[in-house]
Amino acid sequence: MKKVLIKNAKIVNEGKITEGDVFIEDGIIKEISESISAKSPDVQIFDAEGTHLLPGIIDDQVHFREPGLTHKEDIEMGSRAAVAGGITSFIEMPNTLPQTTTIEELEKKFQLAAEKSYANYSFMFGGTNDNLEEILKVDPKKTAALKLFLGSSTGNMLVDDQKVLEEIFSKSPLLIAVHCEDETTIQNNLKECVERYGDDIPIELHPKIRSEEACYKSSSNAVKLAKKTGARLHVFHVSTAKELELFSNKKPLKDKKITAEVCIHHLWFNDHDYKQKGTFIKWNPAVKSEKDQEALMKALNDDILDVVATDHAPHTKQEKQNPYTKAPSGGPLVQHALPAMLQFYHKEKISLEKIVEKMCHNPAILFDIKDRGYIRVGYKADLVLVDLNAPWQVKSDNILYKCGWSPFEGVTFKSRITHTFVNGRLVYKNFKHQPFAKVAQQLEFDR
């Protein structure tokens with residue numbers, strides 16, 4: 001339907017919760033008011049009584065594994081799971097096969113997403129030790145950011161030449177997003193553990209191998225470089241309390257040159273969970289202590305951490321069940337990220353308004369995303385209805401990831417996503433996807 005009217009919603013937007021109606025035409029929000037009447041019979045009406053209306057979630061860090069690793073995930077399945085989780089826009093990472101380190105490979109990804117994606121999309125370009133010329137060709141209005149791996153999380157995408165790093169930081173036309181873990185520290189820690197245990201290192205040692213020191217050494221170096229060069233830096237998946245001292249809440253987000261984010265798994269899990277979950281919660285950076293977990297939530301509420309993301313990075317069950325040294329890091333998260341954050345709301349750890357700020361408004365500000373991330377007249381109608389009192393349990397038969405498992409399996413969430421709209425089109429309703437239509441759009445950046 002080209003015209004949609006959402007009635008009687010509690011609208012969570014820009015730090016407030018108000019009751020009202022939203023009228024959409026041709027994918028754009030045309031009117032927001034206390035009461036709107038359908039002016040013609042061709043308007044599709046949704047009664048949102050008893051539910052909350054949120055802007056669509058913008059997830060700035062996903063790995064949809066296409067091309068080259070599609071036995072784990074692909075753009076179609078990943079984006080289907082995303083819209084079921086209220087994520088209407090995603091930014092995907094460059095560590096596919098081949099890697100997104102040339103303009104040619106970047107263009108191929110845009111074409112794949114245009115054909116397959118349920119959600120709006122963009123991609124990060126990957127930096128290496130030797131592709132500065134390609135980096136300088138990237139169009140900032142079309143591409144979300146430059147991604148640098150400063151730890152070997154992704155093999156040969158490791159950027160470890162300090163001179164190259166400084167040159168990239170000085171010249172990049174894009175925001176620079178970094179994975180920060182110090183490779184030398186990790187390898188020294190790993191060598192000690194392999195000498196003692198061989199391949200079968202106890203998973204509980206993962207946060208000792210990928211330690212607080214490894215994280216802080218790398219992230220502090222990145223922050224130092226950004227300050228020296230004036231680069232616009234965003235630090236992905238902060239996992240330690242110690243790193244928080246590198247970031248500030250003294251300026252509004254739009255004026256910050258150095259920003260940081262936290263991921264769902266570092267808020268939800270801590271090192272006590274390794275005993276039950278094993279390698280299924282093996283991530284890089286590692287899930288760390290309860291003290292770190294609590295400090296991250298406090299920093300999120302205090303605006304030291306700016307964004308919540310997923311780092312959705314699926315692997316098959318078979319791959320995850322390997323011994324420590326062969327079990328890959330990463331897990332699927334897009335379907336359950338918003339329900340997990342709403343669970344924190346029920347536990348009075350964060351407000352609905354703050355969830356929307358960190359998952360909708362702030363990614364739009366941080367990446368200069370045009371006309372998304374808010375419920376505003378003239379903006380794209382990416383919207384999510386949630387019922388805060390509709391419990392459901394994560395089970396194998398309702399997990400939508402291609403890999404078929406979730407670290408949340410067995411968890412009962414109190415809140416359910418009932419409807420997801422992408423560009424004004426209903427794409428998901430009460431555990432069911434609507435007939436697929438190519439309504440997803442490439443994200444545009446107002447730069």
Side-chain angles (χ1 to χ4, degrees), residues 61 63 65 68-69 71-73 93 95-97 149-158 160 179-219 236-240 242-243 262-293 296 310-333 399 401-411:
Q61 191 187 175
H63 301 262
R65 306 299 193 196
L69 299 162
H71 67 288
K72 306 173 193 271
E73 184 67 287
M93 297 298 106
N95 53 319
T96 43
L97 289 176
F149 290 91
L150 307 184
S152 68
S153 189
T154 323
N156 64 353
M157 281 195 76
L158 174 67
D160 58 357
H179 175 129
C180 289
E181 292 182 286
D182 181 66
E183 185 59 16
T184 303
T185 303
I186 292 165
Q187 290 306 319
N188 289 341
N189 293 340
L190 181 61
K191 184 169 179 282
E192 283 181 26
C193 288
V194 168
E195 285 171 359
R196 182 173 177 186
Y197 297 102
D199 280 337
D200 209 9
I201 298 167
I203 185 62
E204 289 83 359
L205 293 178
H206 187 52
K208 304 289 190 294
I209 293 168
R210 289 185 170 267
S211 62
E212 176 190 84
E213 180 195 2
C215 293
Y216 184 81
K217 192 171 182 181
S218 181
S219 51
F236 275 152
H237 42 49
V238 173
S239 64
T240 71
K242 185 173 175 60
E243 288 170 282
V262 66
C263 287
I264 298 293
H265 44 288
H266 292 124
L267 294 171
W268 187 277
F269 298 103
N270 62 51
D271 56 7
H272 298 305
D273 295 305
Y274 285 115
K275 188 171 183 180
Q276 182 194 354
K277 297 285 185 179
T279 51
F280 287 100
I281 61 164
K282 185 187 182 199
W283 277 282
N284 299 342
V287 166
K288 295 186 174 68
S289 71
E290 194 171 352
K291 173 176 160 271
D292 291 308
Q293 181 187 30
L296 294 171
T310 66
D311 195 13
H312 171 89
H315 301 281
T316 66
K317 266 188 182 178
Q318 187 177 9
E319 288 167 335
K320 291 294 275 185
Q321 288 169 329
N322 278 317
Y324 176 86
T325 57
K326 294 184 170 63
S329 292
L333 282 161
I399 291 169
Y401 310 124
K402 193 170 187 178
C403 65
W405 64 273
S406 166
F408 290 107
E409 193 162 349
V411 171

Any donor-acceptor N/O pair, Lys317 side chain to Gly404 backbone, under 3.5 Å | no
Euclidean distance, Asp273 CG relative to Ile203 CD1, rounded to 0.5 Å = 12.0 Å
What about the rings of Phe236 and Phe149, do their centers lie closer together than 6.0 Å?
-> no
Taking the side chain from Asn322 and the backbone from Ala327, do they hold a donor-acceptor pair closer than 3.5 Å?
-> no
Interatomic distance, CD1@Ile201 vs OG1@Thr279, rounded to 0.5 Å, equals 12.5 Å
Given the rule in the side-chain contact (heavy atoms from CB on, under 4.5 Å) test, do Leu205 and Tyr324 qualify, once you have shown the distances and angles that lead to the verdict?
-> CA-CA 10 Å; Leu205 293 178; Tyr324 176 86; over 6 Å; no
Shortest non-hydrogen contact from Lys326 toward Asp199 = NZ-OD2, 2.8 Å
Between CZ of Arg210 and NE2 of His206, what distance do you get to the nearest 0.5 Å?
-> 6.0 Å
Side-chain H-bond candidate by donor/acceptor type, His71 with Glu319, under 3.5 Å = yes
Would Asp292 and Ser289 count as a side chain to side chain donor-acceptor pair (under 3.5 Å) if you check the C-alpha gap in whole Å, the side-chain angles of each, and the deciding distance to 0.1 Å?
-> CA-CA 5 Å; Asp292 291 308; Ser289 71; 2.8 Å; yes
For His266 against Val238, the heavy-atom pair lying closest together = ND1-O, 4.1 Å
Grab the two heavy atoms, one from Lys288 and one from Ser239, that are nearest each other, plus how far apart they are.
-> NZ-OG, 2.8 Å
Kindly determine whether Glu192 and Arg196 satisfy salt bridge (Lys or Arg N to Asp or Glu O under 4.0 Å), including the steps that lead there.
-> CA-CA 7 Å; Glu192 283 181 26; Arg196 182 173 177 186; over 6 Å; no
Can you tell me how far the OG1 atom of Thr185 sits from the CD atom of Glu213, to the nearest 0.5 Å?
-> 4.5 Å
Let me see the working for Gln187 and Leu190 under side-chain contact (heavy atoms from CB on, under 4.5 Å), right down to the final yes or no.
-> CA-CA 5 Å; Gln187 290 306 319; Leu190 181 61; 4.0 Å; yes
With Gln293, which of Val287, Asp271, Asn270, Leu267 fulfils side-chain contact (heavy atoms from CB on, under 4.5 Å)?
-> Asn270
What closest approach, in Å, do Cys215 and Glu181 show between heavy atoms, and which atom pair accounts for it?
-> SG-CG, 4.2 Å
Interatomic distance, His315 atom NE2 to Tyr401 atom OH [nearest 0.5 angstrom] | 14.0 Å
His179 vs Pro285 side-chain heavy atoms within contact, under 4.5 Å | yes
Nearest heavy atoms of Lys402 and Lys72, plus distance in Å = CB-O, 3.7 Å
State, with a plain yes or no, whether a side-chain heavy atom of Asp160 is found less than 4.5 Å away from one of Glu183.
-> no
Among Tyr274, Trp405, Phe408, which residue meets the ring-ring contact (aromatic ring centres under 6.0 Å, His included) test with Phe280?
-> Trp405
Mark yes when over 12 heavy atoms from residues, nucleotides or ligands other than Glu195 sit less than 6.0 Å from its CD; otherwise mark no.
-> yes
Nearest atoms (heavy-atom pairs only) where Pro332 meets Ser406 = CG-CA, 4.3 Å
Using the side-chain hydrogen bond (donor to acceptor under 3.5 Å, both in side chains) rule, pick out the option among His63, Glu73, Arg65 that qualifies with His312.
-> Glu73
Here the gap from Ile264 atom CD1 to Asp311 atom CG, rounded to the nearest 0.5 Å, amounts to 11.0 Å
